[in-house]
2 protein chains.
Amino acid sequence: MTTKTVAELLSQDVTLQDVTVKGWVRTFRANRFIALNDGSTINNIQCVVDFENFDEALLKRITTGAAVHITGELVESQGKGQSVEIQVKALEVLGDSDAETYPIQPKKHTFEFLRENAHLRTRTNTFSAVMRLRSSLSFAIHKYFNENGFYYMHTPIITGSDAEGAGEMFRVSTLDPKNPPLTEDGDVNYKEDFFGKETNLTVSGQLEAETFAMSLGKVYTFGPTFRAENSNTSRHLAEFWMIEPEVAFMDLAGNMDLAEDFMKSVLSYVLENNKEDLEFLDKRLQDAEKSLPQAERSPMNLIDKIKFVVENNFKRVSYTEAIDILRNCKPNKKKKFKYIIEEWGADLQSEHERYLVEKHFKCPVILFDYPANIKAFYMRLNEDGKTVRAMDILFPGIGEMVGGSQREERLDVLKEKMKALDIPEEELWWYLDLRKYGTAVHSGFGLGFERLVMFATGMGNIRDVIPYPRTPQNAEF
Amino acid sequence: MTTKTVAELLSQDVTLQDVTVKGWVRTFRANRFIALNDGSTINNIQCVVDFENFDEALLKRITTGAAVHITGELVESQGKGQSVEIQVKALEVLGDSDAETYPIQPKKHTFEFLRENAHLRTRTNTFSAVMRLRSSLSFAIHKYFNENGFYYMHTPIITGSDAEGAGEMFRVSTLDPKNPPLTEDGDVNYKEDFFGKETNLTVSGQLEAETFAMSLGKVYTFGPTFRAENSNTSRHLAEFWMIEPEVAFMDLAGNMDLAEDFMKSVLSYVLENNKEDLEFLDKRLQDAEKSLPQAERSPMNLIDKIKFVVENNFKRVSYTEAIDILRNCKPNKKKKFKYIIEEWGADLQSEHERYLVEKHFKCPVILFDYPANIKAFYMRLNEDGKTVRAMDILFPGIGEMVGGSQREERLDVLKEKMKALDIPEEELWWYLDLRKYGTAVHSGFGLGFERLVMFATGMGNIRDVIPYPRTPQNAEF
């Protein structure tokens, strides 16, 4: 008799057969009903213990969190909410769980408490659902790119280049931290460090992805990236995962098409494959928001919101149009914005993005053609000489989900831009080589994976959608 | 007329139609035949230029490495080795490539030279095939686990724990590298560092994966891991990717079954999906070995070797049996080994592993039940009190491919082991919690991804199977 998972048992027809299952006790009611879970599904299987036939000492060991091995008959369930249950014939406690000290009691815990017990939090419905969805989204991403002719590329994590400019970096070193070797000038002598130069954790794999796109055509990265920024918010992590496709011969319009198709495809995948987890999270969010005033509740429930994104076109709006809308909108005129939009060229703040997405368009928005001077050096300059072929995708409730651009493929223009920003050519000689030898139009974007997981799970804090969050003052587990 | 990839065109029937394609010139022969590649396949499409109808200045710009946009008629090929070719009607050079200075000439380059030009090396047949195979193997891994009910888990890269003990670590810090803050005792004050404590790059995600296995059942990691070891060999990287499945309620026998089934499945996948790349690499290896004496050549060609692994059972041998075999083998008796095997308890060196795999068994070997004192603290002690339920999988030509074990699930035994090794309990309180609350038998293994790519591509140097290798004194690109 092979052990089956709870998911397998619950989807099985009753044929009056003996089954065996291993899992953890979620609850034990009335000395009779065990709700057993093994992670294979959000649902528990009910195991009915005929307590008259079991040793009392054994029954006492059936506590929340205990690991048990159960054998019994799979029968039609008498209770509601489930089709089958197990009539227990034999029960072995594999690992006890002291009811007095076990942190995950069968009651509501705050997310803060569960963060401090992140090693146990996937034993709750909410976090097991979130992590299954995270896994499912990851697979959907690989599947999408694989089916569309992209190659997966592992860009380096430790980088000797600090020219990416996407943010503050973490230093990686094996030098004596207290007495580092010094040069004659009294600086730290990184020539003696492991890599013979100063190295940091990557903030983006884009530049390296471009090298592969310019030979393999269509590639993507999906790996960890880092920001050493001291921002203790519900939307920032020091370590997070990013997806960065990069495609040769694709312009900005193609980039927008790709990003939109991609997002819709991976969200469709979870609608299809994670129904039960989504239904649970949907209900959880509604329950959590019940105590809020109507105005602060989500305008759509979770599943409807995901369906809305899958079924509707993203609105494409140029930066210039967006500035017009913002300049003339009520909150701007009434000075309700913290940063009043006065003229073209202003950098958009989160309050402006949220207004556009949540109040004005009420759907995902792709903003494009931004002023050159508020965007990165590698973005393709438009013929107007003042905007670049950049795009940001903004999502309701999340803000920026994707940032991308067509890349500057012209060697002379790129060199000028780097000079203006004091980026030394020696630093990026290999990046410039791509423009020297067989250059072509190419584009790509970056998607913060945790933002996507937040959107698909309805979780409000980014620390709750990654197994072990890294934030200022916190690298526990 | 939409642009098609070379792969699409080559698999298409000729229907006398106009097509358009973009890619890079590999060679331009006789002012007439362009071999065009766009990365979608190892094969080039031949584009025939009727040079009488084209401007001479334009023809001169058709050089190796140039990016071109070609439109023409797809016709049956006159030449051999291809079914279709393009009769060029229009040609635009998108990006020139100066024939004088372009590093990737249409000739044989050494792998050392190409490593120095790693940003361009995927423009060669060998490296494009290797990187396509790497991508394909990655996808096969995700597919295998997804189909078998595993959840993908992103374990943390930055870790505050240094108890994993798998090797030297890289320090991650944002402190002033020259004048770090000091404590009253004169040590570096990591309380002032970004995470409020000393942090390093992870050497393994196993311990964290165990936390998820003990709630979600079956999980795996696939992420970068790091070793700050000064080993400049063809088999070591400072940054490499590792796959680590971890399964609740699975013992060592199940672990061996899983590892073997997994390896066979992912290798089958590339046999099926990467035929042309494998055929190319197979031939490359044979050519490269032609100059070697017969004894030094690979005993099987690449594809046969992969098929052999897929089709044959791995030989399972206990450490004790292996020691018997080694003690009595010729090279040991004749003192040909550098380390002579004298008694039970000896740690096996690469020479011994190679003898077992390549000379004695001539197939992949799973060694299991190692002496406890040469293995990690978390491995399950056997009832004999001196061996642990560890396993290593050894592959011909590669050596150790997989290392795994059943984990010690008994709190008291684990604590004793940690005490003996001076691992403080406070450091791993969360790991111990797994044994306090609902503990159960569980197992897992780690697979070095680059070793797998080496095996599947026949490449002899690990630096040639990862996009941008990180090794002592080298973090270029």
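All values reported here derive from a predicted model rather than from experimental measurement.
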Point to revise | Residue, of B:Val188, B:Asp193, B:Thr122, B:Val441, that accumulates the most heavy atom pairs under 4.5 Å with chain A | key: B:Thr122
Exercise for review: Could you tell me whether the side chain of B:Arg134 and the main chain of A:Tyr151 form a donor-acceptor pair under 3.5 Å?
Suggested key: no
Check your understanding: Taking the inter-plane angle between the rings of A:Phe212 and B:Tyr468 on a 0 to 90° scale, is it parallel (under 30°), tilted (30 to 60°) or perpendicular (over 60°)?
Key -> tilted
Practice item. Could you tell me how the ring of A:Phe170 sits relative to the ring of B:Phe195: parallel (under 30°), tilted (30 to 60°) or perpendicular (over 60°)? Key: parallel
Practice item. Quick one: sort the A:Phe249 and B:Trp24 rings into parallel, tilted or perpendicular, breaks at 30° and 60°. Key: tilted
Practice item. Anything under 30° is parallel, anything over 60° is perpendicular, the rest tilted; go ahead and classify B:Phe139 against A:Phe139. Key: parallel
Check your understanding: Between A:Arg171, A:Gln473, A:Glu409, A:Glu476, which residue shows the highest count of heavy-atom pairs closer than 4.5 Å to chain B?
Key -> A:Arg171
Review point. Quick one: what part of A:Ser128 sits under 4.5 Å from any heavy atom of chain B, side chain, backbone, both or neither?
Key: both
Point to revise | Portion of A:Glu210 that has a non-hydrogen atom of chain B nearer than 4.5 angstrom | key: neither
**Study point:** Toward chain A, the part of B:Arg123 with a non-hydrogen atom under 4.5 Å
**Key:** both
**Study point:** Contact winner vs chain A - B:Val68, B:Thr64, B:Leu94, B:Leu182, heavy-atom pairs under 4.5 Å
**Key:** B:Leu94
Exercise for review: Would you mind telling me which of B:Ala66, B:Ser40, B:Ala67 has the largest number of heavy-atom pairs within less than 4.5 Å of chain A?
Suggested key: B:Ala67
Review point. Contact part of A:Ala213 toward chain B, heavy-atom cut-off under 4.5 Å: side chain, backbone, both or neither?
Key: backbone
Review point. Is a side-chain N or O of A:Tyr437 found less than 3.5 angstrom from the main chain of B:Leu120, in a donor-acceptor match?
Key: no
Revision key, fill the gap. Bottom line for A:Lys218: the part with an atom under 4.5 Å from chain B's heavy atoms is neither
Review point. When heavy-atom pairs shorter than 4.5 Å are enumerated against chain B, which of A:Thr199, A:Asn37, A:Asp98, A:Leu175 gives the highest number?
Key: A:Leu175
Point to revise | B:Thr174, part contacting chain A, at a heavy-atom distance under 4.5 Å | key: both
Exercise for review: Quick one: pull up OG1 in A:Thr211 and CG in B:Asn117 and give me the separation to the nearest 0.5 Å.
Suggested key: 12.0 Å
Practice item. Using the side chain to side chain contact (heavy atoms under 4.5 Å, CB included) rule, take A:Phe194 and B:Arg470 through it: C-alpha gap first, then chi angles, then the decisive distance, then the call. Key: CA-CA 10 Å; A:Phe194 188 92; B:Arg470 295 318 188 214; over 6 Å; no
Revision key, fill the gap. Heaviest contributor of heavy-atom pairs below 4.5 Å to chain A, chosen from B:Phe226, B:Tyr431, B:Trp429, is B:Trp429
Point to revise | Interchain contact, B:Phe127 with chain A, by part (heavy-atom threshold 4.5 Å) | key: neither
Point to revise | Heavy-atom contact with chain B under 4.5 Å, split by part of A:Ile104 | key: neither
Review point. Does B:Lys436 NZ have over 12 foreign heavy atoms under 6.0 Å away?
Key: yes
**Study point:** Under 4.5 Å from any heavy atom of chain B - which part of A:Glu239
**Key:** side chain
Study note, to complete from the structure: Separation between CD1 (B:Ile466) and CE (A:Met153), nearest 0.5 Å, reads 10.0 Å
Check your understanding: Once the angle between the rings of A:Tyr152 and B:Phe222 is folded into 0 to 90°, is it parallel (under 30°), tilted (30 to 60°) or perpendicular (over 60°)?
Key -> perpendicular
Point to revise | Contact leader toward chain B among A:Asp187, A:Asn146, A:Val172, where contacts are heavy-atom pairs under 4.5 Å | key: A:Asn146
Review point. How many angstroms lie between CG in A:Leu216 and OG1 in B:Thr41, if you round to the nearest 0.5 Å?
Key: 11.5 Å
Practice item. Pick whichever of A:Ser135, A:Gly217, A:Gly196 has the most heavy-atom pairs under 4.5 Å with chain B. Key: A:Ser135
Check your understanding: Are B:His119 and A:Met214 side-chain neighbours, meaning at least one heavy-atom pair lies under 4.5 Å?
Key -> no
Practice item. Give the ring-plane orientation class for B:His142 versus A:His142, where under 30° counts as parallel, over 60° as perpendicular and anything between as tilted. Key: parallel
Study note, to complete from the structure: Residue from B:Ala440, B:Gly160, B:Ser173 scoring the most non-hydrogen pairs under 4.5 Å with chain A is B:Ser173
Exercise for review: Determine the option with the most heavy-atom pairs under 4.5 angstrom with chain B, choosing from A:Pro469, A:Ala238, A:Gly438.
Suggested key: A:Gly438
Check your understanding: Checking A:Trp241 against chain B: side chain, backbone, both or neither under 4.5 Å from a heavy atom?
Key -> side chain
Exercise for review: Evaluate the side-chain proximity of A:His154 to B:Ser138: yes if any heavy-atom separation is below 4.5 Å, no if none is.
Suggested key: yes
Check your understanding: Considering the options A:Ile158, A:Ile157, A:Thr155, which one meets the side-chain contact (heavy atoms from CB on, under 4.5 Å) requirement together with B:Pro224?
Key -> A:Ile157
Practice item. Could you tell me which portion of A:Lys197 (side chain, backbone, both or neither) has an atom closer than 4.5 angstrom to a non-hydrogen atom of chain B? Key: side chain
Point to revise | For chain B, the option from A:His69, A:Arg410, A:Arg132 that forms the most heavy-atom pairs under 4.5 Å | key: A:Arg132
Check your understanding: Relative to chain B, which segment of A:Pro180 carries a heavy atom at a distance below 4.5 Å: side chain, backbone, both, or neither?
Key -> side chain
Point to revise | Residue, of B:Gly186, B:Ser136, B:Ala248, B:Ala7, that accumulates the most heavy atom pairs under 4.5 Å with chain A | key: B:Gly186
Exercise for review: Determine yes or no for a side-chain-to-main-chain donor-acceptor pair under 3.5 angstrom, with A:Arg435 supplying the side chain and B:Gly95 the backbone.
Suggested key: no
Study note, to complete from the structure: Okay, A:Glu116 and chain B: the region with an atom under 4.5 Å from a heavy atom over there is backbone
Review point. Side chain, backbone, both or neither: which part of A:Phe449 has a non-hydrogen atom closer than 4.5 Å to chain B?
Key: side chain
Exercise for review: Could you tell me which portion of A:Asn200 (side chain, backbone, both or neither) has an atom closer than 4.5 angstrom to a non-hydrogen atom of chain B?
Suggested key: neither
Review point. Is it the side chain or the backbone of B:Thr471 that comes within 4.5 Å of chain A heavy atoms, both, or neither?
Key: backbone
Check your understanding: Would you call A:Tyr190 and B:Pro177 a side-chain contact if the rule is heavy atoms closer than 4.5 Å?
Key -> yes
